[in-house]
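Scroll down for the structure; my scribbles are underneath it.
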Amino acid sequence: MIVLTKAPRGTRDILPSEVEQWQFFEEKVRELCRLFGYAEIRTPVFEHTELFLRSVGEVTDIVAKEMYTFTDRGDRSLTLRPEGTAPVARAFLEHKLYGEAQPLKVYYIGPMFRYDRPQAGRYRQFHQFGVEVFGTKEPSLDAEVITLSLYVFRALGLEEFTLQLNSVGCPHCRDEYRSCLQEELHEKLNRFCPDCAGRFHKNPLRILDCKQESCQELTANVSLLLDKLCGDCAEHFAAVRESLDVLGEPYVVNPRLVRGLDYYSKTAFEIVSPVLGAQSSLGGGGRYDHLLATIGGPDVPGIGFGIGIERVLLARAAAGSSLPESKLTDVFVVTAGNVSAAEALRVVIALRRQGVAADKDYLGRSLKAQLKFADKKQARYVVILGDEEMKRDQAVLRDMQTGGQEDVALTELASMLAGLVKGAKR
RNA sequence: GUGGGUGUAGCUCAGGAGGUUAGAGCACCAGAUUGUGGCUCUGGGGGCCGUGGGUUCGAGUCCCAUCAUCCACCCCA
């Protein structure tokens, strides 16, 4: 039975009480992108299914079992984007942005969709902030991109995280290593866990990343891709490390780090947090020098990362970071005696026209209840419109913090409060 | 897709081995003498006990299924 009063599994509402956290995230990220020279790009939330098949890779988990794919009324197979890189790459090609000055640096913020079993820090609709840069293989760019992701976490008040770095090589050295690894592991094949047995053919590199202790032991002395990179890849990796060293950014080389998407080459990195539980990855990314060519474009290199917004917010909450309370209402206008609601509205509108966030009661409540509500709204000031004062074209202005109050002429009310509110915010 | 935990008021939870009108705290609303919030006191509204079957004279309580949720695996953000 479909429950009409519940959001679909793995999705959730971001309620007013939480939305400030999201706005905070977006503000910080936009500011950083501006400083780093990245412009925003917005692509559709769905694309031709084929785009993800070709770019992400048909044997990846994302494509094999996690895509929201549907056929539209024109019989086209479409898929809600499971990640952000492929759509941006598509847009880059579609609009021939390789014809503009390179490199092109862009960022995006938006929802992604993966049909997966929900868990802590994992949703079917989740949100990512990510950047992509097209047009250069220069290693210092790798360092810039990585650094930007670290600055994002810091700007959001996260201190406890680790940057893991690796190189997954290029098609040449990776394929060679892959066969080499399979050869080395072949004799031990029956001693691996069932998952790894499956990985042996599909993605042997991932065996090195298995959480099972028994598998870890079996691969303890196996040769690593990092030691078998081709000259070009090895040189690139060394240069990236050097750039990070120059910047003073600490990192951990994890030769067993693997990325889940096929298009990665050379630099691969992930930022993990110790406070998130099993879903410890705050974000990750890497270089994808052959992606554009794979989907039918020119041979333009690229690099990027994606950060999970939900996970960042969870990490912030776990770290006890909070935001200063922002108040929606500066002034609350209440009525006493026979003063009409319309009269109150007139005053409220006049205040708003002066840039004062004002509001009033809309439930016909008693004076006492109106004040109680104003208190709940955390309004700093309350304007009381009473019969006595109205006769003199005056109103009572009450400071809810100090409890003091005075009579103010109606004509001066708006400009006076505008001044008071502006002063209080400083 | 696999394994385990949990579903009782808006929220956090009680409800001894099945037995009458299902409770608490917080929240919400209203009062505590005439037009004044926070503190206190008093009162009040709210619950197909997730849903559907079954066992029983009788089910919030036992059994099955289902849905949801949480945790872990897989994988990833």
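Proteins come first, then strands; the chains are lettered A, B, ... in the order of their sequence lines, and each starts at number 1. Since we're looking at a predicted model, the values are computed, not measured.
Aromatic pair A:Phe161/A:Phe153: ring centres closer than 6.0 Å. Taking the centre of each ring, A:Tyr151 and A:Phe36 come in below the 6.0 Å mark.
Going from the C1' atom of B:G3 to that of B:G45 covers 44 Å, rounded to whole Å. Look at the C1' atom in both B:A24 and B:G5: the space between them is 25 Å, to the nearest Å. Atom C1' of B:A27 sits at a distance of 11 Å from the matching atom of B:U12, rounded to the whole Å. Taking atom C1' in both B:A17 and B:U2, one finds a spacing of 35 Å when rounded to whole Å. When the C1' atom is compared between B:U8 and B:G47, the two are found 8 Å apart, to the nearest whole Å. B:A72 sits 25 Å from B:A65 when the P atoms are compared, rounded to a whole Å. One C1' atom belongs to B:U51, the other to B:A59, and the distance between them is 16 Å to the nearest Å. Taking the P atom of each, B:G7 and B:G16 are spaced 13 Å apart, rounded to whole Å.
Taking 3.5 Å as the limit, the base of B:G35 and the side chain of A:Glu389 contain a donor-acceptor pair of atoms between them. No donor-acceptor contact under 3.5 Å links the side chain of A:Gln370 to the base of B:U36. Counting atom types as modelled, A:Arg117 pairs no side-chain N or O with a base atom of B:G1 as donor and acceptor under 3.5 Å.
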**OP:** Would you check, one step at a time, whether the test side-chain hydrogen bond (donor to acceptor under 3.5 Å, both in side chains) holds for A:Glu132 with A:Tyr288?
**Re:** CA-CA 10 Å; A:Glu132 313 290 352; A:Tyr288 41 82; 2.4 Å; yes

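Whole-Å rounding puts the A:Arg12 CZ to B:C70 C1' distance at 14 Å. One interatomic measurement links the two molecules: CG of A:Asp407 to P of B:G35, which rounds to 17 Å at whole-angstrom precision. Following rounding to the nearest Å, A:Gln212 (CD) and B:G3 (C1') show an atom-to-atom distance of 13 Å. Between the CG atom of A:Asp375 and the C1' atom of B:C39 there is a distance of 12 Å, rounded to whole Å. For the pair A:Lys368 NZ and B:A30 C1', the interatomic distance rounds to 11 Å; values are reported in whole Å. When the C1' atom of B:G35 is taken as reference, atom NZ of A:Lys391 falls 13 Å away, rounded to whole Å. Note: OH (A:Tyr115) to C1' (B:C74) measures 15 Å, nearest angstrom.
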What nitrogen or oxygen pairs link the protein and nucleotides 6-13 of chain B at under 3.5 Å?
none

Considering only nitrogen or oxygen atoms on both sides, find all protein atoms under 3.5 Å from nucleotides 75-77 of chain B and state each distance.
| from | atom 1 | to | atom 2 | distance (Å) |
| --- | --- | --- | --- | --- |
| B:C75 | OP1 | A:Arg199 | NE | 2.7 |
| B:C75 | OP1 | A:Arg199 | NH2 | 2.6 |
| B:C75 | OP2 | A:Arg199 | NH2 | 2.2 |
| B:C75 | O2 | A:Arg122 | NH1 | 3.3 |
| B:C75 | N3 | A:Gln279 | NE2 | 3.4 |
| B:C75 | N4 | A:Gln279 | NE2 | 3.4 |
| B:C76 | OP1 | A:Arg206 | NH2 | 3.0 |
| B:C76 | OP1 | A:Gly260 | N | 3.1 |
| B:C76 | OP1 | A:Gly260 | O | 3.3 |
| B:C76 | OP2 | A:Arg206 | NH1 | 2.6 |
| B:C76 | OP2 | A:Arg206 | NH2 | 2.5 |
| B:C76 | O3' | A:Arg114 | NH1 | 3.2 |
| B:C76 | O2' | A:Arg114 | NH1 | 2.6 |
| B:C76 | O2 | A:Arg311 | NH1 | 3.0 |
| B:C76 | O2 | A:Arg311 | NH2 | 2.7 |
| B:A77 | OP2 | A:Arg259 | NH2 | 3.4 |
| B:A77 | O4' | A:Gln128 | NE2 | 2.8 |
| B:A77 | O3' | A:Ser281 | O | 3.4 |
| B:A77 | O3' | A:Ser281 | OG | 3.4 |
| B:A77 | O3' | A:Leu282 | O | 2.9 |
| B:A77 | O3' | A:Gly283 | N | 2.7 |
| B:A77 | O2' | A:Ser281 | O | 2.6 |
| B:A77 | O2' | A:Arg311 | NE | 3.2 |
| B:A77 | O2' | A:Arg311 | NH1 | 2.4 |
| B:A77 | N7 | A:Arg114 | NH1 | 3.2 |
| B:A77 | N6 | A:Tyr123 | O | 3.1 |
| B:A77 | N1 | A:Tyr123 | N | 3.1 |

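Nucleic acid contact for A:Ala374: none, since no nucleic acid atom lies under 4.0 Å from a heavy atom of the residue. If you check every strand for non-hydrogen atoms under 4.0 Å, A:Arg365 touches sugar and phosphate atoms only. Heavy atoms of A:Gly285 sit nowhere under 4.0 angstrom from any nucleic acid atom. Residue contacts for A:Gly403: at a heavy-atom cut-off of 4.0 Å it reaches a base atom on one of the strands shown.
In summary, A:Lys105 and A:Glu144 engage in a salt bridge, as defined by a charged side-chain N under 4.0 Å from a carboxylate O. Salt-bridge annotation for A:Asp407 and A:Arg392: present, with a side-chain N of the basic residue lying under 4.0 Å from a carboxylate O of the acidic one. Looking at A:Glu47 and A:Arg90, a side-chain N of the basic residue comes within less than 4.0 Å of a carboxylate O on the acidic one, giving a salt bridge. A:Glu310 and A:Arg316 are not joined by a salt bridge, as no carboxylate oxygen comes within less than 4.0 angstrom of a charged side-chain nitrogen.
Across A:Gln279 and A:Gly121, no two heavy atoms sit closer than the pair CG-O, 4.1 Å.
Look at A:Lys376 and you'll find a side-chain N or O under 4.0 angstrom from OP1 or OP2 of B:C29.
When each of A:His236, A:Arg241, A:Lys266 is paired with A:Asp142, the side-chain hydrogen bond (donor to acceptor under 3.5 Å, both in side chains) condition holds for A:His236 and for no other.
In this pair, A:Phe200 and A:His186 present their aromatic rings tilted. The plane angle is within the 30 to 60° band.
Counting heavy atoms from C-beta outward, A:Thr79 and A:Phe46 have side chains that stay 4.5 Å or more apart.
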